[in-house]
Amino acid sequence: MRVNLLVGGPVGLVPQEVVRARQAETWIAVDHGASLLLKWGITPAVAIGDFDSTSQAEFARLRQHLAEIETFPPAKDFTDTQLGVKLAIDRFQPTQIDIFGATGGRLDHLLANLYLPLQDDFRDYLDRIRLLDRGNTVSYYQPGSYTITREADKDYLAFVNLTPVTGLNLVDEQYPLADWSSSIPFSWSSNRFTAAENHFNFASGVVAVIQAADRPQL
C-alpha cells in the first residue's frame, strides 16, 4: 500500500498531474496541503499540522469536508511533515510513502525534509520514503546492491551520501566510480543513465539517489 503526503511547499513545484492521477489512493494532508488537495478534487484521509499556513476561511472549509483533522500548536517537538509521516507509519504501515511539496521555498525546510528519513522515528522506513517534485525524485538506500530504473522525464542522476559512506561503486552509469568512501556528506551530481536500468552498490552508510530534470517546467 502506498500512502501519499502533500505538505506546504511551493505549489508550483508540485507535479499536479501526478497528484491528480493518484486520486483514488490514500492521502495525508499536512497543513496547507489539505486545502490544495480539496481544490484538486482529492479528499485526504486525515489532515494534520498546526495549520499556521491555512486561513480561517480555508480551515472552516476543511472542517466541512474532512472526517478527521488533527491539530497541534505551532510550538511543538515535531515539524508538521514529521507528524504526517509518523501518522502514515503508525496508522497504515505502508510499503511506500511519497511526499509531495517538501522541496523549494525555505532552505531550512528543505534540509529538514531531506534528512527526515535518517531520524530514529523513521529509520526503519528509510528505503520506503521518497520526496517528489516537478523536477526531482529523491530515494533513500541502505547498504547493498541495487538496480535503478530511469524515469522517462528525468535527465540527470545524482548519488548523495547523507552520512559517512564506504565502498560506493557506480557500476555502469555514464561516469563510473570505484570503491569510494567519505567521512563527510558529498554529492556526485550530473551523472546520467547509460540504459533503462543502471546499478550501484555500497558497503556502509546512507545514500540518497536523485533523478532530476534539467529544467523542470513550472
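Sequential numbering from 1 along the given sequence is applied to the chain's residues. All values derive from a computational prediction rather than experimental measurement. Side-chain atoms are counted along with the backbone in the values below, which use heavy atoms only and exclude waters and symmetry mates.
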Let me confirm one number: the [atom1]-[atom2] distance from [X] to [Y], rounded to the nearest 0.5 Å.
X      : Y      : atom1 : atom2 : result
Phe193 : Gln174 : CZ    : CD    : 12.0 Å
Asp98  : Leu5   : CG    : CG    : 9.5 Å
Tyr156 : Arg192 : OH    : CZ    : 4.0 Å
Asp121 : Lys86  : CG    : NZ    : 4.0 Å
Asp52  : Asp80  : CG    : CG    : 6.5 Å
Gln211 : Asp155 : CD    : CG    : 10.5 Å

Glu70 and Arg91 ion-paired at < 4.0 Å:
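Yes.
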
Audit row: Gln142, Arg123, side-chain contact (heavy atoms from CB on, under 4.5 Å) steps and yes/no
CA-CA 10 Å; Gln142 303 192 68; Arg123 189 64 178 260; 4.1 Å; yes

Is it the case that one hydrophobic cluster holds both [X] and [Y], taking links as side-chain heavy atoms less than 4.5 Å apart, direct or via other members?
X      : Y      : answer
Ile69  : Val85  : no
Ile97  : Ile28  : yes
Val209 : Leu118 : no
Ile99  : Phe92  : yes
Leu162 : Phe202 : no

Could you tell me whether the side chains of Glu25 and Asn4 share a donor-acceptor contact shorter than 3.5 Å?
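Note: Glu25 and Asn4 side chains meet the donor-acceptor criterion.
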
Just checking, any donor-acceptor pair under 3.5 angstrom between side chains of Asp31 and Thr54?
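Side-chain D/A pair, Asp31 to Thr54: present.
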
Taking the six-membered ring for Trp and the single ring otherwise, decide whether the centroids of Tyr141 and Phe200 are under 6.0 Å apart.
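Yes, ring centres under 6.0 Å apart.
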
Set out, in order, the CA-CA distance, both residues' side-chain angles and the distance that settles side-chain contact (heavy atoms from CB on, under 4.5 Å) for Ile210 and Leu157, then state yes or no.
CA-CA 6 Å; Ile210 304 173; Leu157 185 61; over 6 Å; no

Please check if the side chain of [X] supplies one atom and the backbone of [Y] the other of a donor-acceptor pair under 3.5 Å.
X      : Y      : value
Asp172 : Asn198 : no
Thr71  : Asp50  : no
Ser181 : Gly167 : yes
Glu197 : Ile148 : no
Thr163 : Val206 : yes

More than 12 heavy atoms from other groups under 6.0 Å of CD on Glu17
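Check passes, neighbour count above 12.
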
In this structure, are over 12 heavy atoms from other groups packed under 6.0 Å from Asp179 atom CG?
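Enclosed: over 12 neighbouring heavy atoms sit under 6.0 Å from CG of Asp179.
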
Any chance you could pull the hydrophobic cluster mates of Val171, using side-chain heavy atoms under 4.5 angstrom and chaining through other members?
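Reading the cluster by chain and number, Val171 sits alone, since nothing else belongs.
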
Using links of under 4.5 Å between side-chain heavy atoms of ILVMFWY residues, direct or through other members, which residues join Ile42 in one cluster?
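Leu6, Val11, Val14, Val18, Val19, Trp27, Leu36, Leu37, Trp40, Phe100, Leu132, listed by chain and number.
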
Is there any ring-ring contact (aromatic ring centres under 6.0 Å, His included) pair reaching into residues 44-73, and which pairs are they, with sequence neighbours excluded?
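Every ring-ring contact (aromatic ring centres under 6.0 Å, His included) pair that includes a residue of residues 44-73, provided the two are not neighbours, is Phe51-Phe59.
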
Going by the rule ring-ring contact (aromatic ring centres under 6.0 Å, His included), which residues pair with Phe186 if we only count those two or more places apart in sequence or in a different chain?
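So Phe186 forms a ring-ring contact (aromatic ring centres under 6.0 Å, His included) with Trp180, Trp188.
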
Taking ring-ring contact (aromatic ring centres under 6.0 Å, His included) as the definition, give me every residue that meets it alongside Tyr125, ordered by chain and number, with sequence neighbours left out.
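Testing Tyr125 for ring-ring contact (aromatic ring centres under 6.0 Å, His included), a comparison that skips the adjacent residues, returns none.
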
Checking Val138 against Val160 for the side-chain contact (heavy atoms from CB on, under 4.5 Å) test, could you report, in this order, the C-alpha distance in whole Å, the side-chain angles of both residues, the deciding distance, and whether it holds?
CA-CA 10 Å; Val138 182; Val160 183; over 6 Å; no

CA sep, side-chain torsions, deciding dist, call: Tyr115, Phe122, side-chain contact (heavy atoms from CB on, under 4.5 Å)
CA-CA 10 Å; Tyr115 284 100; Phe122 313 112; over 6 Å; no

Sequence-distant partners of Gln64, side-chain contact (heavy atoms from CB on, under 4.5 Å), two or more places apart:
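Residues passing side-chain contact (heavy atoms from CB on, under 4.5 Å) with Gln64: none at all.
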
Does the structure place the NZ or CZ of Arg130 under 6.0 Å from the centre of the six-membered ring of Tyr140, at an angle of no more than 45° from the ring's axis?
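Relative to the ring axis of Tyr140, which defines the angle, Arg130 lies outside at least one limit.
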
